[in-house]
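Data block below; observations after.
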Amino acid sequence: MSARPKIATAPPAKGKPVTLSSLGEKKALGEPIAMVTAYDYPSAGVAEAAGVDVVLVGDSAAMTVLGYPSTVPVSVEEMLMLCAAVRRGLQTPLLVGDLPFGSYEVSDEQAVTTAQRFVKEAGCDAVKLERGGSSVDRARAIVAAGIPVMGHVGLTPQTATALGGYRSQGRTADRALEVAQDAIGLQQAGCFAIVFEAIPADLTDLLMPQLQVPVIGIGAGPATDGQVLVFHDLLGIYDGHAARFVKRYADVREQMIAGVRAFAEDVRARRYPEPEHGYTMAPDERERLRGLLEEAATSGSG
Ligand code: KIV
């Protein structure tokens, strides 16, 4: 019997799918929640195999995989394509899609319409949006439409210019109070979880007792219910500036460069391909082909 060809399909389910209630249970039990970003089928497979709880298709994709200078330019269509690819590689973690800048702020109707596309077209379990203020109303509207929403406060990259750049937030009592109000507002609007980005650990400590929903931190200290890092940052794939809160767990970019360089050197030195990388013809077929080619050449020239 011939060996079955390897077909790239989604990996088998690794466990019971993570749900909003299982995340709530983790918070209640004090079990930390692990969340990473992913942007395509292979990174989703890695997140699945590594056993994380939540996968976010972050609009950080704008920079990490699409090469934009910030998260602002990425479009809904680009995000949907990435979310759909991640969906195909994911069974167990909860899949959250980031609503990009300009796709939800205008009205509740715009927010609900965009969120529905992330669920219907890309298979997301939930969506994420940034900031308090009018985003609280948008979150409430999306939740009322039956779509789970994750909030995001502190450093909100979509509006980094208005915040004075990519810098930590809430270091004065006045600004910290605004961050606190944003978080409480999003919780009251029905968000199932909230991301705290780049805020002092003291602020997180003071805020945590007021939050009944899971809080996932990124540069917000150790007191949150979970932590998130950007896939390319934690694996060392992305070559840009890394924020203070990034911890590198691997240097995959160096390994990728070394691999591609070795391939290019082998090609130039004619060391690749070797016989085992090619296909052969039975000698009699080869001879028959030689004859056929000669015949075709003779008839063509006559
Ligand atoms: O876009 C993103 O990757 C994010 C995480 C940093 C939380 O919003």
Side-chain angles (χ1 to χ4, degrees), residues 23 32-40 43-44 46-47 52-76 78-83 85-86 93-105 114-115 118 122 124-132 135 139 148-160 163 166-169 179 182-183 186 191-199 204 213-221 224-235 237-238 240-249:
L23 291 177
I33 296 166
M35 169 164 139
V36 289
T37 66
Y39 311 107
D40 55 15
S43 55
V46 168
V52 301
D53 303 300
V54 183
V55 168
L56 167 70
V57 183
D59 61 356
S60 49
M63 290 136 95
T64 55
V65 300
L66 298 176
Y68 291 122
S70 76
T71 60
V72 169
V74 70
S75 68
V76 169
E78 286 166 326
M79 287 300 295
L80 288 176
M81 194 189 70
L82 302 178
C83 288
V86 169
L94 192 85
L95 174 57
V96 183
D98 225 352
L99 300 183
F101 180 68
S103 73
Y104 61 92
E105 299 90 333
T114 307
F118 275 68
C124 289
D125 299 312
V127 296
K128 178 168 86 58
L129 49 65
E130 292 189 4
R131 296 187 313 114
S135 290
V149 179
M150 177 180 271
H152 183 156
V153 301
L155 172 57
T156 47
Q158 292 178 1
T159 43
L163 296 176
Y166 288 88
R167 51 176 56 185
S168 58
Q169 299 294 310
V179 173
D182 289 348
L186 288 166
C191 286
F192 73 92
I194 301 176
V195 170
F196 281 9
E197 179 164 352
I199 60 171
T204 303
V213 296
V215 174
I216 314 292
I218 175 162
T224 53
D225 302 300
Q227 299 288 334
V228 55
L229 277 179
V230 165
F231 190 85
H232 287 53
D233 284 341
L234 84 91
L235 290 179
I237 302 174
Y238 184 57
H241 163 77
R244 179 194 295 208
F245 50 71
V246 170
K247 179 170 175 187
R248 287 236 149 125
Y249 289 85

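Each ligand, and each atom within it, is numbered from 1 in the order the structure gives. All residue numbers in this chain count up from 1 along the given sequence.
Considering CG of L94 and CG of D125, their distance stands at 4.5 Å, rounded to 0.5 Å.
Remark: side-chain polar atoms of E130 are paired, donor with acceptor, to backbone N or O of Q158 under 3.5 angstrom. When atom types are taken as modelled, the side chain of T37 and the backbone of F231 share a donor-acceptor pair closer than 3.5 angstrom.
At a heavy-atom distance under 4.0 Å, atoms from both the backbone and the side chain of D59 approach ligand 1. Contact annotation for D98 and ligand 1: only side-chain heavy atoms (C-beta onward) come within less than 4.0 Å of the ligand. Residue V230 touches ligand 1 through its side chain alone, judged by heavy-atom distances below 4.0 Å.
The single protein non-hydrogen atom nearest to atom 3 (O) of ligand 1 is S60 OG, 2.5 Å, given as residue, atom name and distance. In terms of protein heavy-atom proximity, atom 4 (C) of ligand 1 is closest to L56 CD2, 3.5 Å. What sits closest to atom 6 (C) of ligand 1 on the protein, heavy atoms only, is I218 CD1, 3.6 Å.
Atoms of ligand 1 found under 4.0 Å from any heavy atom of G58, numbered from 1 in the order shown, are 1 (O), 2 (C), 3 (O). Of all the atoms in ligand 1, the ones that sit under 4.0 Å from a non-hydrogen atom of H152 are 8 (O). Atom numbering of ligand 1 starts at 1 in the shown order; those under 4.0 Å from a heavy atom of T37 are 3 (O).
Counting non-hydrogen atoms of other residues, nucleotides and ligands closer than 6.0 Å to CZ of R167 gives a total of 12 or fewer.
Within the 6.0 Å centre-distance limit, the rings of Y39 and H232 are counted as a close aromatic pair.
In this structure, K128 is part of the shell of residues with a heavy atom less than 4.0 angstrom from ligand 1.
When side chains are defined from C-beta on, E197 does not count as touching T156, because their heavy atoms never get closer than 4.5 Å. Contact check for L163 versus L155: side-chain heavy atoms found under the 4.5 Å cut-off.
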